[in-house]
Amino acid sequence: MSEIEQGGEVEPRLGELPAQQEMPFAIVQGAPLMALPQDLYIPPDALEVFLDSFEGPLDLLLYLIRRQNLDILEIPIADITDQYIEYVELMKELRLELAAEYLVMAAMLAEIKSRMLLPRPAEAEEEEDPRAELVRRLQEYERFKRAAVELDELPRLERDVFAVQAEVPPGHVRRLPPEVDLREVLLALRGVLARADLFTSHRVEREALSVRERMSLVLERVQAGGFVPFAHLFDLREGRAGVVVTFLALLELIKAASIELVQAEPFAPIHVRLRGGEA
Amino acid sequence: MTGAFGLKQIIEGALLAAGGPLTPDQLLGLFGEEERPDRDQVLETLASLEADYAERGIELVQVAGGYRVQVRREVAPWVGRLWEEKPVRYSRALLETLALIAYRQPITRGEIEDIRGVSVSTSIVKTLAEREWIRIVGHRDVPGRPALYATTRKFLDYFGLRSLNDLPTLAEIRDPELLGDELDLGEMDESPAQGDPSPPVVVPTPEAGRDG
Amino acid sequence: MTGAFGLKQIIEGALLAAGGPLTPDQLLGLFGEEERPDRDQVLETLASLEADYAERGIELVQVAGGYRVQVRREVAPWVGRLWEEKPVRYSRALLETLALIAYRQPITRGEIEDIRGVSVSTSIVKTLAEREWIRIVGHRDVPGRPALYATTRKFLDYFGLRSLNDLPTLAEIRDPELLGDELDLGEMDESPAQGDPSPPVVVPTPEAGRDG
């Protein structure tokens, strides 16, 4: 029971708001106000802050019940309903943004109130108390309201405790290379394509990548140095298509001035070598 | 191992450098096969470090993600001044939403609203997701297929919890029907003794399992 | 100050939480005026901490920016393994460079820069070469003899390609239908419709057993 009381106590996290037992209705300039003001002037903003601090109709109802130290199981529904409606009217007057849920609750309270007034048929002892559903909801809400307060009180990082972070001397952190998805590479290329106009020509669009690949292979072969017989660059097992690819690659490389063809004399074997390279 | 510096120094160095919790397995993984201590030795070392820290500005705690060295609560008021910004204060609405997700997971937004009696703002759900305290673990198979929210390991680590079972016990619900008939309490479907005895546990999905 | 926890604990906590060096002045700044120690006390405390750490996995060192706690060199080789499991993602610049080498090989660094419109850092080329995804296949016969880069067999193997011809054409890459609009990193989002296609994975077992 005291547990639940505390739930109410911590309630609005604004220091000057109602606490315990005889909860003041509000605190105005340091002085607690114990009852709804009739003719007293209250600074509207103080009242607004107070009324605005309710998390909804259930929260407001709980406040009304706890304020009077009532047992949640024995709510004097008529009184509470009247008080609730007074508050809701007040909120309306102050033009607070009033969630529709407040009005739904007002209607529900009025209905319970009228059902309570009806005489209970003698035999129907097992009929549920009209307040039962409301009581269940209030308790259910209150336990989580309380749980939220307790959660907030748990020692947490960045407020109550802090992570430590000692540095490691340089040279000792070896990082594994990340995994890369081909899609990421292609998306990066799309980004380049959007920026560069180099690729706009249709020739490049249609260019077979196999030629590019072969250019690299040929370059690598001739890089070893010296002359490579022209014929050795062709692998006849690849068939006609493969031969064409190699031939196109050679033409591209010659055009790019990467390699040159050398022939000692007419009809002698042709050799390929790296341009400008004794490398 | 390396002269005066051995298992204890390596584990201490790792815990202090990691910037987050480490599991015993992660600690074991720091050693090559031929030098690897056994698990019990690691646990003993952890206990020994915990004792060493009793009078220091730091402490060793166990959270969901493993063992973590953290600056003690007792000195936090001073240490916190290192940073200009004050720690964030979360609204009641956010904390109540988080509490409902923690205790009632997996739960939909509509179910949270039913209990709180007011709507849950999108910005709250967004904040909780951005902090990686909650995540969507599925969808309820009803019209609209609302998302089901659950808390993450990061949530547990952040609040210094080893598991959801470490959460404070929920207050009990009293049934007006059973007032004055306390012997009957056992029949209530909400076990009154511990509130929610075992909140459902959500098996971490691959991306959630290895965040830290 | 707070019981058993005093100046030393606060300074230790601050040094370990700061994530970088702290000057004596910064340490003095943690205290309110009425409780502030004098500078000599702070320096004495630092000396005392340094002595405390003599046989620990960490040490207190003085660097240009002040005092810093770091993992001892002697245990750093083990502690450094902590990060082996958490690789950092590659930059967009690196992926673009790789894509251009794949599609325009053999290509020089200058040519890549011309297309990308920005310079290609040496570290990108180095990273790709270390991964053995690219290699130098020759040099362009122009002043400076710039290296010509091409992709490797390893590159093809890594991405599951039999040959470069398996790569989509440029026209296909431009087509938003084929690749989708942007990277979907599977992050948590709120949209219930496509947020998480997998069914809820809620298993009612106690969490205790699974700490990773």
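Being a predicted model, the structure only gives us computed values, none of them experimental. Protein chains get the first letters and strands the later ones, always in sequence-line order, with residue 1 at the start of each.
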Electrostatic pair A:Arg214-A:Asp235, nearest N-O below 4.0 angstrom: no
C:Arg153 bridged to C:Asp157 by N-O distance under 4.0 Å: yes
Pair A:Glu150 + A:Arg146: basic N to acidic O under 4.0 Å: yes
With sequence neighbours excluded, residues passing side-chain contact (heavy atoms from CB on, under 4.5 Å) with C:Arg92: C:Glu96
For chain A, the option from C:Leu167, C:Leu164, C:Val61 that forms the most heavy-atom pairs under 4.5 Å: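 Among C:Leu167, C:Leu164, C:Val61, the one with the most close pairs to chain A is C:Leu164.
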Toward chain A, the part of C:Ile107 with a non-hydrogen atom under 4.5 Å: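 Contact with chain A involves no heavy atom of C:Ile107 at all.
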Toward chain A, the part of C:Leu94 with a non-hydrogen atom under 4.5 Å: neither
Ion pair A:Glu55/A:Lys145, N-O distance below 4.0 Å: no
Segment of C:Ala93 engaging chain A (4.5 angstrom heavy-atom cut-off):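 Contact with chain A is absent: no heavy atom of C:Ala93 under 4.5 Å.
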Choice from C:Pro106, C:Gly160, C:Gly19, C:Gly20 maximising heavy atom contacts with chain A below 4.5 Å: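 Ranked by heavy-atom pairs under 4.5 Å with chain A, first place is C:Pro106.
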Parallel, tilted or perpendicular: ring planes of C:Trp133 versus C:Phe159, cut at 30 and 60 degrees: tilted
Members of residues 62-71 of chain C whose heavy atoms come closer than 4.5 Å to chain A: C:Arg68, C:Val69, C:Gln70, C:Val71
A:Asp160 side chain to A:Arg156 backbone, donor-acceptor under 3.5 Å: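 Indeed, once roles are kept as given, a pair shorter than 3.5 Å links the two residues.
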Residue part contacting chain A, namely of C:Leu156, when any heavy atom lies under 4.5 Å: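 Only the side chain of C:Leu156 comes within 4.5 Å of chain A.
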Trace of the side-chain contact (heavy atoms from CB on, under 4.5 Å) decision for A:Asp152 with A:Arg159: CA-CA 11 Å; A:Asp152 197 29; A:Arg159 186 189 69 182; 3.3 Å; yes
Spatial distance of atom CD (C:Glu44) from atom NZ (C:Lys8) [nearest 0.5 Å]: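 Reported value, rounded in 0.5 Å steps: 11.5 Å.
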Part of A:Leu253 within contact of chain C (heavy atom distance under 4.5 Å):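 For A:Leu253, the contact with chain C is made by the side chain alone.
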